[in-house]
Amino acid sequence: MAEMFVEKFRSLVPQYLDDAWDPEDGLTEDDLDDALDEAGVEIPQALREFYLALGGCEDLMEAYYFVWDPEELEIEDGYLLFMEDEEEQYVWGIREDHLDIPDPIVHRRHNVSGSWKSEEGTFSEYMLDMFSWVFDELEPELED
């Protein structure tokens, strides 16, 4: 399948980290496939390309929220879980029955109530918006 998102994700390294993208910022196809086999999950194309582009870039994988390493991915409550906040109040996921969609909608679960809510954006939209929020809007507040 043709890469649809990998260049957008790679562009986040120079945009937010002031450095050129390097192959070490991403995972290799073999490493990703091995990790997914270990986790026993299938992932949508956009998430796959995210890991290929940024799966080795700790500065982005742990920028405010924590994107799980691919071997840590799991399905719970009918959702593929892929990210959580520092306080573990929320977890983000993709509906299990939407994993065959190249760029599916992201949902967020409040861990205390167990309720899921749509973030009303696809994985690629959500992640690009999240990094913009973290680096463009939130970071100046954190520096003060």
Side-chain angles (χ1 to χ4, degrees), residues 1-139 142:
M1 190 175 290
E3 292 177 342
M4 297 171 36
F5 312 100
V6 75
E7 288 305 320
K8 284 183 181 182
F9 293 137
R10 285 179 181 169
S11 74
L12 297 175
V13 173
Q15 182 175 356
Y16 296 124
L17 304 181
D18 296 326
D19 203 0
W21 182 86
D22 185 277
E24 290 184 7
D25 290 326
L27 300 178
T28 67
E29 292 268 357
D30 288 341
D31 287 343
L32 179 56
D33 289 340
D34 289 347
L36 294 174
D37 287 345
E38 182 180 330
V41 298
E42 299 283 327
I43 61 174
Q45 181 178 354
L47 181 55
R48 180 175 187 78
E49 291 186 28
F50 179 85
Y51 283 122
L52 293 173
L54 300 174
C57 184
E58 192 172 304
D59 289 337
L60 291 175
M61 293 286 288
E62 298 180 2
Y64 199 74
Y65 298 137
F66 300 99
V67 179
W68 296 0
D69 291 332
E71 64 272 7
E72 299 171 335
L73 297 173
E74 63 182 277
I75 294 182
E76 188 177 296
D77 298 336
Y79 290 83
L80 173 71
L81 308 181
F82 68 87
M83 185 171 69
E84 66 187 336
D85 68 319
E86 186 175 27
E87 294 84 28
E88 298 181 6
Q89 294 179 353
Y90 295 95
V91 67
W92 284 261
I94 297 166
R95 285 180 39 173
E96 184 175 13
D97 61 346
H98 289 178
L99 295 179
D100 61 340
I101 297 171
D103 196 15
I105 299 292
V106 171
H107 292 76
R108 179 185 64 188
R109 180 183 72 196
H110 184 261
N111 288 333
V112 172
S113 70
S115 62
W116 285 93
K117 177 183 180 225
S118 172
E119 294 285 20
E120 300 182 8
T122 66
F123 177 83
S124 65
E125 292 169 336
Y126 184 81
M127 297 306 286
L128 294 171
D129 287 349
M130 182 197 71
F131 287 122
S132 174
W133 173 72
V134 168
F135 288 100
D136 295 338
E137 296 177 31
L138 190 60
E139 193 170 87
L142 295 175

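Computed from a predicted model, the values in this text were never measured in an experiment.
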Discussion item. Any salt bridge linking R109 with E76? Criterion: basic side-chain nitrogen under 4.0 Å from a carboxylate oxygen.
Written reply: yes
Practice prompt. Answer yes or no: is there a side-chain heavy-atom contact under 4.5 Å between L80 and W92?
Written response: no
Worksheet entry | Non-hydrogen side-chain atoms of I43 and Y51 separated by less than 4.5 Å | yes
Discussion item. Under 6.0 Å between ring centres: does that hold for F123 and F5?
Written reply: no
Discussion item. So does T122 get a backbone contact from the side chain of E125, meaning a donor-acceptor N/O pair under 3.5 Å?
Written reply: yes
Practice prompt. Decide yes or no for V106 and F82: does some side-chain heavy atom of the first lie under 4.5 Å from some side-chain heavy atom of the second?
Written response: yes
Practice prompt. Output all residues satisfying side chain to side chain contact (heavy atoms under 4.5 Å, CB included) with E88, sequence neighbours left out; order by chain, then residue number.
Written response: E84
Worksheet item: Where do Y79 and D77 come nearest, in terms of heavy atoms and distance?
Response: CD1-O, 3.1 Å
Worksheet item: So how far is it from Y126 OH to I94 CD1, rounded to the nearest 0.5 Å?
Response: 11.5 Å
Worksheet entry | Side-chain touch L128/L12, heavy atoms, less than 4.5 angstrom | yes
Item to complete: Answer yes or no: is there a side-chain heavy-atom contact under 4.5 Å between L73 and L81?
Response: no
Response to the item:
For D103 and A46 the tightest heavy-atom approach is OD1-CB, 3.3 Å
Worksheet item: Between W68 and E74, does a side chain to side chain contact (heavy atoms under 4.5 Å, CB included) hold up when you go through it step by step?
Response: CA-CA 10 Å; W68 296 0; E74 63 182 277; 3.9 Å; yes
Indicate every side-chain donor-acceptor pair of residues 29-36 with a distance under 3.5 Å to a residue at least two apart or in another chain.
from: E29; atom 1: OE1; to: R48; atom 2: NH2; distance (Å): 2.7
from: D31; atom 1: OD2; to: T28; atom 2: OG1; distance (Å): 3.3
from: D33; atom 1: OD1; to: R48; atom 2: NH1; distance (Å): 3.1
from: D33; atom 1: OD1; to: R48; atom 2: NH2; distance (Å): 2.7

Discussion item. What I'd like to find out is whether the side chain of M127 reaches to under 4.5 Å of the side chain of V67, using heavy atoms alone.
Written reply: yes
Worksheet item: Out of curiosity, L60 CG to F9 CZ, how far, rounded to the nearest 0.5 Å?
Response: 11.0 Å
Worksheet item: Could you state the interatomic distance from NE2 (H107) to OG (S118), rounded to the nearest 0.5 Å?
Response: 4.0 Å
Discussion item. If I compare all heavy atoms of V13 with all of L54, which pair ends up nearest, and what's the gap?
Written reply: CG2-CD2, 3.7 Å
Discussion item. Using side-chain heavy atoms (C-beta onward) and a distance below 4.5 Å, is E49 in contact with E7?
Written reply: no
Discussion item. Treating D25 as the side-chain partner and D22 as the backbone partner, does any N or O pair qualify as donor plus acceptor under 3.5 Å?
Written reply: yes
Item to complete: Measure the spacing between CD of Q15 and CZ of F131 and express it to the nearest 0.5 Å.
Response: 10.5 Å
Worksheet item: What class does the angle between the rings of F135 and Y16 fall in, given that below 30° is parallel, 30 to 60° is tilted and above 60° is perpendicular?
Response: parallel
Worksheet item: Which distance, rounded to the nearest 0.5 Å, do you find between the OG of S113 and the CD of Q89?
Response: 11.0 Å
Fill in: Over 12 foreign heavy atoms within 6.0 Å of CD, E58
no
Practice prompt. Please identify each residue that fulfils side-chain hydrogen bond (donor to acceptor under 3.5 Å, both in side chains) with H98, with sequence neighbours left out.
Written response: none
Worksheet item: Heavy atoms, side chains only, cut-off 4.5 Å: are I101 and P44 in contact?
Response: no
Discussion item. Cation-pi check for Y90 against R108: NZ or CZ below 6.0 Å from the six-membered ring centre and within 45 degrees of the axis, yes or no?
Written reply: yes
Discussion item. Given 3.5 Å as the limit, does a donor-acceptor pair link the side chain of D69 with the main chain of E71, or not?
Written reply: no
Discussion item. Looking at every heavy atom in both Y65 and M130, which two are closest together, and how far apart are they?
Written reply: CD1-SD, 3.3 Å
Discussion item. Rounded at 0.5 Å granularity, tell me how far CD in E42 sits from CD1 in I75.
Written reply: 9.0 Å
